Amino acid sequence: MDPMTATPPIARKIPTERMHHGDTFIDEYEWLRAKESAEVVDHLKAENAYTEAITSGQEQLRQDIFNEIKNRTQETDLSVPARKKGWWYYTRTEEGRQYSIHCRTAATDTGNVTRDWTPPEVVPGQPVEGEQIMLDGNVEAEGKPFFSLGGLAVTEDGTLLAYAQDNAGDERFTLRIKDLRTGNLLADEIPNVFYGLEFSPDGTQVFYTVVDDSWRPYQVKSHTLGTPAEADTVIYEEDDVAMWTGFDISADRTQLIIGIGCSEYSEYRVLDLTTPRAELLTLIPREEKVLYEADPLTIDGRRHYLLTHNRDAKNSMVSLVSEDQFQRPLAEQEWTTIIKHDDAVRVHGVAVTQSHVMVSVRKDTTLRVQILPLAGLGGGGQPEPIEPSFDEELYTCNLSNAEFESPIIRLSYSSFFTPPRVYDYMLVSGELALRKETEVRGGYRSEDYVATREWATAQDGTLIPLSVLRRRELIQDGSNPAVIYAYGSYEISMDPGFSISRLSLLDRGIIFVVAHIRGGGEMGRTWYEAGKKLTKKNTFTDFIDSTSHLVSSGWADPQRVAAMGGSAGGLLMGAVTNLAPEKYRAVVAQVPFVDALTTILDPELPLSALEWEEWGNPITDAEVYQYMKDYTPYENVRAAAYPRIAAVTSFNDTRVLYVEPAKWVAKLRDTTTGPEPIVLKTEMDGGHGGASGRYEQWKDVAWDYAFAADSLGATAVLSRSTSSAG
């Protein structure tokens, strides 16, 4: 098909009435929801053929970007081994192979704490002494259209491995158990499990979660090894369709901790695994409307809980509560403050070892870790938390591992231009040991790039933080092409992080801007609440105001700005394109939630009921219905000259169904008054994250980036670039 003569497929119009709160909406493309229909499948294939024709001129650019990603990536690589009991666990990748290989090697105990907890030296491409391959993703994926792991767990004694794999992309996993002494699979096989697996401390049971028909995790179950799956025990079942259920095992391996919650309040139930026939204990019941997390720890032989909670603390705080207090009414319980509330600091959660507490906080938009000794916790002599410091302004520091008995904790560190680092922090001495910095090949030099913080002014005067990423030599002369990216929902923050693929845009002279708009979590809980439910429109206008700042500040040519976002960020793409189509040369909407109102109005659809805490409930609330109808992209497509748009989706996505972008594209194409092409690309074998396998994912990224770069006329690599280096 010649791009000059290619004609888009025309979706038939079959009017369907949707009536709510006295309002009737005529939906002409709802028939595309019939996934099993041959006509629907043929239509999606025709859309793919049209997309291929329209973008055929980008094929070389896609190949170039793919090669740049590949040439910069250390394909044969290893993670830093992490110790658990008598083993060092790690993953490695090999050049030419799509999936990770999960391995371990035996640890030794010499009595020298530093030596025993220093990971073994591992060198990419060289065999690791005593290596045991537990699970090779490449072998598991052989002959299957899709492969993804939903969890891995090893028994305390290191003899058994439980793992869950998905071969369709629909996030329904099959749980299997492997004897690591023999390499043989046990007869146990459990279909249709969800993310998360844990063995009981004695290794006789596996705990897992199950989703209901609307894709909501609602059951925690226990499987006893050697028994049929049908006999598995339901430990807990949650019937409220607006609540999400998950579980964990406490750090000291004595309790099963079941968390039930939504974005506004939660409930924890705990099961003592050391006491036969123990019953679930409820900590703070949901009726109290407290949003909290609970982490057990033992102090002076008595069980306590560290609660990270929002009780009289919008940004959350940490309190210490003895277990016996939960038998009393909430108002009468005695809580001891460990980390007090601060309007400028968002507290995200804690982790415990046998000697210390680690607290994850967000301060000045930056995620960081603070550390407190257990000794003196909650007393008058409690010291101030220690915070490992780094020399960059914009960075992300996460706790990545904290084994209960370990004298060290592991931190992951990244910034926009510092490749991921792994540090071990010595809890007693405070020493920070760099264990690894991810190698970036191809002559990458961080000094060739700059990341700065700027502030855009919103319509209501609110200052919106922007992260502006560029090649160092670019200046504010109003001539640069730019890509602006955001998410802006669920209190999720777009934290500084290194991206090998993003270098391909920067090296073509494109300014890349991350807009930290309301609805995200970068500026604390208030920032999130100012961009959800009946304030959701702030998310969209913040993005447009960020775009205006990008142009008025001289960073971007107003005719050369592309917008990009995925999932709820895809809803953002649809909304801003309706509101200000003239501001964007191109839009890439990845798995976009563009028909949100139709979806949320149907509680039978996957995850719909869980969305009420984010957007409001349009089924019962006429005000929410009208507010959402005013902004949801599909309903608000209008006669306007839309920019060129690429909607990218997956046929088997269970979170944002393919039908949303399919309907949106059909309506956009029928309504636009402009000449720009609007295309739909559907991955027929993938899930919410696209295709499986790293090379396929690189191809997906290269496709999206090539679409944006080509639209901006920014296809040539700048001189002095790292891109062309081998």
Side-chain angles (χ1 to χ4, degrees), residues 51 464 466 482-490 492 494 505 512-520 531 536-548 550 556 561-599 614-615 628 630-638 640-650 653 655-669 671-672 674 676-682 688 690 700-701 703-705 707-709 711-712:
T51 299
I464 309 154
L466 309 178
V483 168
I484 181 165
Y485 173 87
Y487 187 76
S489 290
Y490 303 108
I492 291 173
M494 297 294 103
L505 292 181
F512 193 98
V513 177
V514 181
H516 305 286
I517 54 183
R518 282 175 282 187
K536 188 65 205 169
K537 291 177 186 176
N538 285 335
T539 301
F540 315 133
T541 53
D542 280 3
F543 188 87
I544 293 167
D545 293 335
S546 297
T547 306
S548 298
L550 191 58
V561 178
M564 190 177 287
S567 200
L571 182 152
L572 169 69
M573 294 299 98
V576 301
T577 308
N578 286 334
L579 290 168
E582 73 285 350
K583 286 189 178 288
Y584 304 99
R585 182 79 184 91
V587 173
V588 178
Q590 301 149 323
V591 290
F593 191 34
V594 282
D595 192 21
L597 186 53
T598 303
T599 295
E614 182 70 19
W615 316 95
M628 288 191 70
D630 284 346
Y631 72 70
T632 42
Y634 182 60
E635 280 89 350
N636 289 284
V637 172
R638 59 189 174 90
Y642 281 90
R644 66 184 64 179
I645 295 172
V648 181
T649 188
S650 292
D653 194 337
R655 294 171 184 252
V656 178
L657 302 184
Y658 75 89
V659 66
E660 297 203 23
K663 288 169 59 174
W664 181 54
V665 164
K667 190 169 183 179
L668 278 168
R669 213 183 268 143
T671 312
T672 184
E676 295 291 348
I678 295 166
V679 300
L680 174 69
K681 174 175 171 274
T682 305
H688 191 63
D700 286 349
V701 171
W703 196 97
D704 296 351
Y705 281 6
F707 185 89
S711 301
L712 299 176

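Not measured: the values here are computed from a predicted model.
- For the side chain to side chain contact (heavy atoms under 4.5 Å, CB included) test, residues two or more places apart in sequence or in another chain that qualify with Ala580 are Ile544, Glu582, Lys583.
- Note that CG of Asn636 is 10.0 Å distant from CG of Leu597, once rounded to the nearest 0.5 Å.
- Here Lys537 contributes atom NZ and Asp542 contributes atom CG; the two are 14.0 Å apart, rounded to the nearest 0.5 Å.
- For the pair Ala486 and Ile517, the tightest heavy-atom approach, listed with the atom from each and the gap, is CB-CD1, 3.7 Å.
- Residues Pro643 and Thr577 approach most closely at CD-CG2, 3.8 Å, considering heavy atoms.
- Partners of Ala563 under the side chain to side chain contact (heavy atoms under 4.5 Å, CB included) rule, at least two apart in sequence or in another chain, are Ile484, Phe543, Met573, Tyr584, Val587.
- Across Gly574 and Val594, no two heavy atoms sit closer than the pair CA-CG1, 4.4 Å.
- Every residue two or more places apart in sequence or in another chain that forms a side chain to side chain donor-acceptor pair (under 3.5 Å) with Thr632 is listed here: Glu635.
- Interatomic distance, Tyr658 OH to Thr682 OG1, rounded to the nearest 0.5 Å: 9.5 Å.
- Atom OG of Ser489 is separated from atom CZ of Arg518 by 13.5 Å, given to the nearest 0.5 angstrom.
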Walk me through whether Thr649 and Trp664 qualify under side chain to side chain contact (heavy atoms under 4.5 Å, CB included).
CA-CA 12 Å; Thr649 188; Trp664 181 54; over 6 Å; no
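- Scored by the side chain to side chain donor-acceptor pair (under 3.5 Å) test, Asn578 finds Tyr642 as partners (sequence neighbours excluded).
- Listed by chain and number, the residues in a side chain to side chain donor-acceptor pair (under 3.5 Å) with Asp630 are Gln626 (sequence neighbours excluded).
- Contacts of Asp704 classified as side chain to side chain contact (heavy atoms under 4.5 Å, CB included), with partners at least two apart in sequence or in another chain: Val588, Gln590, Val648.
- Residues forming a side chain to side chain donor-acceptor pair (under 3.5 Å) with Thr539 (at least two apart in sequence, or on another chain): Lys536.
- Remark: Phe707 engages Trp703 in a ring-ring contact (aromatic ring centres under 6.0 Å, His included) (not counting sequence neighbours).
- Ring geometry for Trp615 versus Tyr631: interplanar angle of 30 to 60°, hence tilted.
- Every residue two or more places apart in sequence or in another chain that forms a side chain to side chain contact (heavy atoms under 4.5 Å, CB included) with Ala562 is listed here: Val483, Ala586, Ala708, Leu712.
- Judged by distance alone, with hydrogens and angles left aside, the side-chain atoms of Thr51 form a donor-acceptor pair with the main-chain N or O of Leu680 at under 3.5 Å.
- Residues in residues 658-668 take part in these salt bridge (Lys or Arg N to Asp or Glu O under 4.0 Å) pairs, two or more places apart or across chains: Asp27-Lys663, Glu30-Lys663, Asp595-Lys663.
- Across all non-hydrogen atoms, the minimal contact from Ala641 to Pro581 is O-CB, 3.8 Å.
- When all heavy atoms of Leu466 and Ser546 are compared, the pair lying nearest together is CD2-OG, 3.4 Å.
- Annotation for Ala596 and Leu571: closest pair CB-CD1, 3.6 Å, computed over non-hydrogen atoms.
- Residues forming a ring-ring contact (aromatic ring centres under 6.0 Å, His included) with Tyr485 (at least two apart in sequence, or on another chain): none.
- Atoms CG and CZ, on Asp545 and Phe540 in that order, are 13.5 Å from each other to the nearest 0.5 Å.
- Listed by chain and number, the residues in a ring-ring contact (aromatic ring centres under 6.0 Å, His included) with Phe512 amount to none (sequence neighbours excluded).
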